[in-house]
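Keep in mind that the numbers below use all heavy atoms, side chains included, and drop hydrogens, waters and symmetry copies.
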Amino acid sequence: MLVKDLMVTDVVTISPFAKLREALSMMKRHGLKSLVVERANPHDAYGLVTYTNILKTVIAEDGDIDLLNVYDICAKPTLSVGQSLAVKHVAAIMSQHRLKRLLVLNDNDLVGFISMDDIMEELLKKIE
């Protein structure tokens, strides 16, 4: 099985210059635990803002969601994979780097997103 067979192509993105309040609002509205942070230019890297980033910055470090921008807390660059990569390799990358999600790129353009939940859902289908 390949990444393109499991990846999500409807990815919600946010500007790196958006405030954390806007990011949280988008996450709530779309029922997501992470957002892809847009590139500032075509040669830039994508980023990822997750619940974990927000918990660390806002709750643990008393950050202000109205003062902090997404670029202040996002992980950038993020690890990414190609859509033709075998899912077993994605699982290995996620395990080795303790990641729950990876971006799927084609020539540095965002084409999708794959998460541990996507892979586990497919595995669970096979055992039913």
* Would you say Ile119 and Leu85 are hydrophobically clustered, going by side-chain heavy atoms of ILVMFWY under 4.5 Å? -> yes
* Asked: Is there a path of hydrophobic side-chain contacts, each under 4.5 Å between heavy atoms of I, L, V, M, F, W or Y residues, that connects Leu103 with Ile93?
  -> no
* **Full working for side chain to side chain contact (heavy atoms under 4.5 Å, CB included) between Arg101 and Lys33** => CA-CA 10 Å; Arg101 52 193 65 82; Lys33 296 179 183 176; 4.1 Å; yes
* Looking only at heavy atoms, which two atoms of Ala23 and Val70 are closest? And how far apart? -> CB-CG2, 4.0 Å
* Under a 4.0 Å N-O cut-off, is there an ion pair linking Arg21 with Asp66? -> yes
* Asked: Between Leu79 and Leu105, is there a shared hydrophobic cluster once you connect ILVMFWY residues whose side-chain heavy atoms come closer than 4.5 Å?
  -> no
* Asked: Taking only residues two or more places apart in sequence, or in another chain, which ones meet Thr13 in a side-chain contact (heavy atoms from CB on, under 4.5 Å)?
  -> Val11, Val36, Glu38, Leu110
* Can you name the side-chain contact (heavy atoms from CB on, under 4.5 Å) partners of Arg29, sequence neighbours left out? -> Ser25, Met26
* Taking only residues two or more places apart in sequence, or in another chain, which ones meet Thr57 in a side-chain contact (heavy atoms from CB on, under 4.5 Å)? -> Leu68, Ile73
* Is Ile14 linked to Leu55 within one hydrophobic cluster, defined over Ile, Leu, Val, Met, Phe, Trp and Tyr using a side-chain heavy-atom separation of less than 4.5 Å? -> yes
* Which pair of non-hydrogen atoms, one from Thr50 and one from Ser34, has the smallest distance, and what is that distance? -> CG2-CB, 3.8 Å
* **From Gln83 atom CD to Asn106 atom CG, the distance as rounded to the nearest 0.5 Å** => 5.0 Å
* Asked: Does Tyr46 belong to the same Ile/Leu/Val/Met/Phe/Trp/Tyr cluster as Tyr51, with side-chain heavy atoms less than 4.5 Å apart forming each link?
  -> no
* Structure fact -> Residue pairs passing the salt bridge (charged side-chain N to carboxylate O under 4.0 Å, His left out) test with at least one member in residues 89-98, sequence neighbours excluded, are none
* Asked: If you look only at pairs with a residue in residues 60-115, which of them pass as a ring pair (Phe, Tyr, Trp, His ring centres under 6.0 Å), with sequence neighbours excluded?
  -> Phe17-Tyr71
* Asked: Just how far is it from atom CG of Leu48 to atom SG of Cys74, taken to the nearest 0.5 Å?
  -> 8.5 Å
* Asked: Of all residues at least two apart in sequence or in a different chain, which pass the salt bridge (Lys or Arg N to Asp or Glu O under 4.0 Å) check with Lys56?
  -> Glu61
* Summary of side chain to side chain donor-acceptor pair (under 3.5 Å) pairs that have at least one residue in residues 112-121, sequence neighbours excluded -> Ser115-Asp118
* Pairing residues for Asp10 by the salt bridge (Lys or Arg N to Asp or Glu O under 4.0 Å) criterion, not counting sequence neighbours -> none
* Do any pairs count as a salt bridge (charged side-chain N to carboxylate O under 4.0 Å, His left out) and have a residue in residues 106-116, sequence neighbours left out, and if so which ones? -> Arg39-Asp109
* Hey, mind stepping through Lys100 and Met94 against side chain to side chain contact (heavy atoms under 4.5 Å, CB included) and telling me if it holds? -> CA-CA 6 Å; Lys100 294 180 182 176; Met94 287 178 171; over 6 Å; no
* Structure fact -> To the nearest 0.5 Å, atom CG of Leu35 lies from atom CG of Leu24 at 9.0 Å
* Pairs touching residues 68-93 that satisfy salt bridge (charged side-chain N to carboxylate O under 4.0 Å, His left out), sequence neighbours left out -> Asp44-Lys76
* **Euclidean distance, Asn108 CG relative to Ser80 OG, rounded to 0.5 Å** => 7.5 Å
* Asked: Taking all non-hydrogen atoms of both residues, which atom of Gly47 and which atom of Thr78 are closest, and how far apart?
  -> C-CG2, 3.6 Å
* **Results of side-chain contact (heavy atoms from CB on, under 4.5 Å) for Val58 - residues two or more places apart only** => Leu20, Ile54, Ile65
* Nearest 0.5 Å please: distance from the CG atom of Leu123 over to the CE atom of Met116. => 12.5 Å
Check residues 2-9 and write down every donor-acceptor pair under 3.5 Å in which the side-chain atom is one partner and the other belongs to a residue at least two apart or another chain.
from: Asp5; atom 1: OD2; to: Leu2; atom 2: N; distance (Å): 3.0

